[in-house]
Amino acid sequence: MANLPILQFEEKIVETVEKNPVVVIIGETGSGKSTQLSQILHRRGYTKSGVIAVTQPRRVAAVSVARRVAQELDVNLGEDVGYAIRFEDRTSSKTRIKYLTDGVLLRESLSNPMLDDYSVIILDEAHERSLNTDILLGLMKRLVRIRSSNFKVLITSATLDGEKVSEFFSGCPVLNVPGKLYPVEILYSKERPGSYIESSLKVAIDIHVREPEGDILIFMTGQDDIEKLVSKLEEKVRSLAEGSCMDAIIYPLHGSLPPEMQVRVFSPPPPNCRRFIVATNIAETSLTVDGVVYVIDSGYVKQRQYNPSSGMYSLDVIQISKVQANQRAGRAGRTRPGKCYRLYPFAVFRDDFLDATVPEIQRTSLAGSVLYLKSLDLPDIDILKFDFLDAPSSESLEDALKQLYLIDAIDGNGAITSIGRTMSELPLEPSLSRTLIEANENGCLSQALTVVAMLSAESNLLPVRSKPNEKKRKHDESNLPDGSGFGDHIQLLQIFECWDRNNYDTEWCKQNGMQVRGMVFVKDVRRQLCQIMQKISKDRLEVGARGRNSSSRDDYRKLRKALCVGNANQVAERMLRHNGYRTLSFKPQLMQVHPSSVLSTDNEGMLPNYVVYHELISTTRPFMRNVCVIEMSWVAPIKRKIEKLNVRKLSGGPANSFKEPEEKTELSKNNNNAETTPPAVSENVESRIEAARERFLARKGQK
DNA sequence: GAGCACTGC
């Protein structure tokens with residue numbers, strides 16, 4: 001700890017924080033910023049007037065960093081130093097330094113918008129640009145303006161992004177804290193390889209044969225590529241003459257591996273053995289593998305993006321950004337000098353790669369975030385001109401408003417409704433929280449809680465796909481309920497009820513190919529939602545899935561009706577002559593039911609006329625994932641609402657709520673004149689949105 | 001008859 005680089009900058013940091021409400025800290029990997037910044041300010045008395053909060057984008061980071069700081073200060077975790085993540089609040093009235101996920105801080109700000117428990121808020125890892133951190137950046141900008149001048153905000157970022165964040169905060173000071181990485185030699189390819197699997201294979205074997213010991217980390221885009229490369233590597237390594245080089249052991253590493261397979265990379269390798277770790281970008285930030293000396297970087301990543309005009313997600317392989325490339329290279333220099341082999345030429349890195357990754361706020365549906373901001377009721381903040389570091393497109397904001405309108409969260413003028421207020425209390429995407437509220441009116445809340453909890457965890461539930469497992473899984477799956485012809489939501493309900501009847505037995509999960517951890521998560525989510533709904537619930541809520549009984553067809557019908565209301569923006573109508581569907585509320589497009597669905601055809605081979613879907617995802621074709629059968633009579637009111645829809649009105653709002661965005665230079669000096677800013681000219685707003693939209697399109701065009 | 005990168009309340 002004593003030799004952490006950041007400690008040499010203690011005086012400078014304290015002095016700068018003293019004089020400025022906002023400071024940006026550029027701290028490279030190994031600088032100790034996550035553990036030391038809070039302690040420095042604690043030493044200097046900043047915890048006398050309040051708690052120091054440090055946000056993290058990931059749960060594990062919040063927990064492990066808090067644990068580390070408690071150790072260094074020699075206090076019990078949960079007392080002077082604590083953490084708060086979903087389902088787990090380890091803080092007390094004694095807590096002075098609190099680590100928490102950015103999502104938890106957003107929740108707290110819902111009940112206490114001034115966040116006045118905190119004297120200092122540190123947004124750590126802001127360069128990752130998570131949706132939550134981006135919203136917090138906007139809220140912090142407002143907060144330093146309206147709270148007293150001894151409230152401090154620190155933002156840590158990456159080299160390439162620091163100036164931009166500083167500009168956002170009226171040119172606040174930027175401090176550089178060097179990291180403690182060993183030098184990493186970067187080697188570029190002469191040209192882009194035809195196949196980065198083959199190219200990685202060749203480079204990896206070259207390293208293995210020629211270079212001294214040290215593990216090799218290879219960045220691939222997804223499970224498929226990883227499995228292919230792993231088997232090729234195994235074959236090649238076997239074919240090397242025995243004794244010609246050291247032993248090798250090859251690990252795949254990606255998110256859908258069961259946890260016990262993931263942690264294998266943390267146990268030390270056998271002696272005289274080189275490890276090959278073939279990973280997705282899970283190894284870029286989330287998991288740190290010790291012993292890596294060589295990195296092979298394909299230059300690609302698989303990324304999910306949302307298209308607001310079609311309401312569809314797609315998963316695309318795209319080029320990484322410079323920040324990502326540097327992060328990957330840094331993985332080679334953690335224990336000693338390393339080498340990074342980039343499978344692309346320097347010119348591609350310099351000219352083609354974006355400086356930073358497109359922030360999440362520009363690639364996801366914003367319905368939840370827009371509802372969140374509306375529920376804050378900030379008199380001086382209007383969602384359409386909320387001050388974002390990078391603004392989302394107006395198209396994306398309009399899509400969010402449209403979605404919210406169709407599920408009654410906002411009215412025709414864009415104002416939040418009482419339903420919308422209740423929805424914002426629930427830690428769920430809007431379609432799911434609306435479903436719960438309707439189910440409560442409907443008398444099927446218990447069932448809806450189950451389905452909604454299952455959907456929140458869905459990707460963690462299904463067994464891993466792997467060739468030898470396939471047969472076994474098919475066989476096992478036939479033992480699971482089938483949704484009784486009503487689709488996937490009902491099946492999810494039936495599965496949970498089955499597990500409930502089996503006393504939440506983990507063996508039952510294993511026998512049926514369900515992921516134990518995923519199902520336990522569902523139980524936790526359901527319990528949490530239960531507690532929140534208890535306050536507004538009409539019925540008494542049994543904690544179990546209807547007292548160990550199965551739901552009836554009547555329950556299913558009520559539930560499907562609630563799902564229809566909650567997913568009013570995601571209704572699909574079947575084509576007359578075939579089993580393709582089209583959406584009602586987005587521009588017309590043909591979609592299919594995902595082949596993994598349990599939805600079945602009738603005697604004539606036709607699928608139901610109307611369904612709602614949970615998600616629209618384009619892979620080889622557009623697919624609806626998780627569909628539920630609904631009745632035609634339920635669709636009529638939705639159709640009427642869509643016809644009446646006027647997006648301009650939704651985004652207009654009352655004219656007097658518009659205010660000129662404050663002058664940037666005023667931030668640090670004038671803390672108390674928030675109310676004196678003149679009303680904005682709407683042209684100004686529109687031109688800002690238009691400019692943001694053009695920036696967005698330009699970026700998309702570069703791709 | 002297709003396939004899912006990674007987080008989080």
Q) Does a side-chain N-to-carboxylate-O contact under 4.0 Å join A:Glu438 and A:Arg434? A) yes
Q. To the nearest angstrom, how far is A:His254 atom NE2 from B:dC6 atom P?
A. 8 Å
Q) Tell me: CD1 of A:Ile226 to P of B:dA5, nearest whole Å? A) 8 Å
Q. Which is true for A:Arg304 with a 4.0 Å heavy-atom rule: it touches a base, it touches only sugar-phosphate, or it touches nothing?
A. base
Q.
Using whole Å, what does the distance between atom C1' of nucleotide B:dC9 and atom CG of A:Leu376 come to?
A. 14 Å
Q.
Side chain of A:Ser286, heavy atoms from C-beta onward: which of B:dC9, B:dC6, B:dA5 has the nearest atom to it?
A. B:dC6
(Q) What I'd like to find out is whether the side chain of A:Val522 reaches to under 4.5 Å of the side chain of A:Phe496, using heavy atoms alone. (A) yes
Q | Value in whole Å for how far the C1' atom of B:dA5 lies from CD of A:Gln305 | A | 11 Å
Q) Atom CD of A:Glu88 to atom C1' of B:dC9: distance rounded to whole Å? A) 15 Å
Q | Gap between atoms CZ and C1', on A:Arg328 and B:dA5 respectively (whole Å) | A | 10 Å
Q) Does a nitrogen or oxygen in the side chain of A:Arg621 sit under 4.0 Å from OP1 or OP2 of B:dA2? A) yes
Q. Among B:dA2, B:dC9, B:dA5, which nucleotide sits nearest the side chain of A:Gln223?
A. B:dA5
(Q) I want to confirm an ordering. Mapping A:Glu429 and A:Thr221 to their closest nucleotides on DNA chain B, which one lands closer to the 5' end? (A) A:Thr221
Q. Mapping A:Thr280 and A:Gln528 onto DNA chain B by nearest heavy atom, which one lands closer to the 5' end?
A. A:Thr280
Q. Would you call A:Glu198-A:Lys232 a salt bridge at under 4.0 Å N-O?
A. yes
Q. Looking at B:dA2, B:dA5, B:dT7, which one has an atom nearest to any side-chain atom of A:Phe623?
A. B:dA2
Q: Give a yes or no on whether a salt bridge exists between A:Glu425 and A:Arg107, defined as a side-chain N under 4.0 angstrom from a carboxylate O.
A: no
Q | Charged N-O contact under 4.0 Å between A:Glu604 and A:Arg577 | A | no
Q. Which nucleotide in the list B:dG3, B:dC6, B:dA5 gets nearest to the side chain of A:Thr619?
A. B:dG3
Q. So do A:Gln305 and A:Ile318 actually touch side chain to side chain, heavy atoms under 4.5 Å?
A. yes
Q | Check against side-chain contact (heavy atoms from CB on, under 4.5 Å), A:Leu110 and A:Tyr372 | A | CA-CA 8 Å; A:Leu110 211 49; A:Tyr372 172 85; 3.7 Å; yes
Q: May I ask you to say what A:Leu426 touches in the nucleic acid, namely base, sugar-phosphate or nothing, with a heavy-atom cut-off under 4.0 Å?
A: nothing
Q: Round to a whole Å and report the spacing from CG of A:Asn579 to P of B:dG1.
A: 11 Å
Q.
Starting the side chain at C-beta, find the nucleotide from B:dA5, B:dC9, B:dT7 nearest to A:Ile282.
A. B:dT7
Q | Distance, rounded to the nearest Å, where A:Phe219 contributes CZ and B:dA5 contributes P | A | 16 Å
Q) With a 4.5 Å limit on heavy-atom distance, are the side chains of A:Ile320 and A:Arg328 in contact? A) yes
Q) Does OP1 or OP2 of B:dG3 have a side-chain N or O of A:Thr620 closer than 4.0 Å? A) yes
Q) What are the residues of residues 97-115 of chain A, sorted by number, that bring a heavy atom to within less than 4.0 Å of DNA chain B? A) A:Thr101, A:Gly103, A:Val104, A:Arg107
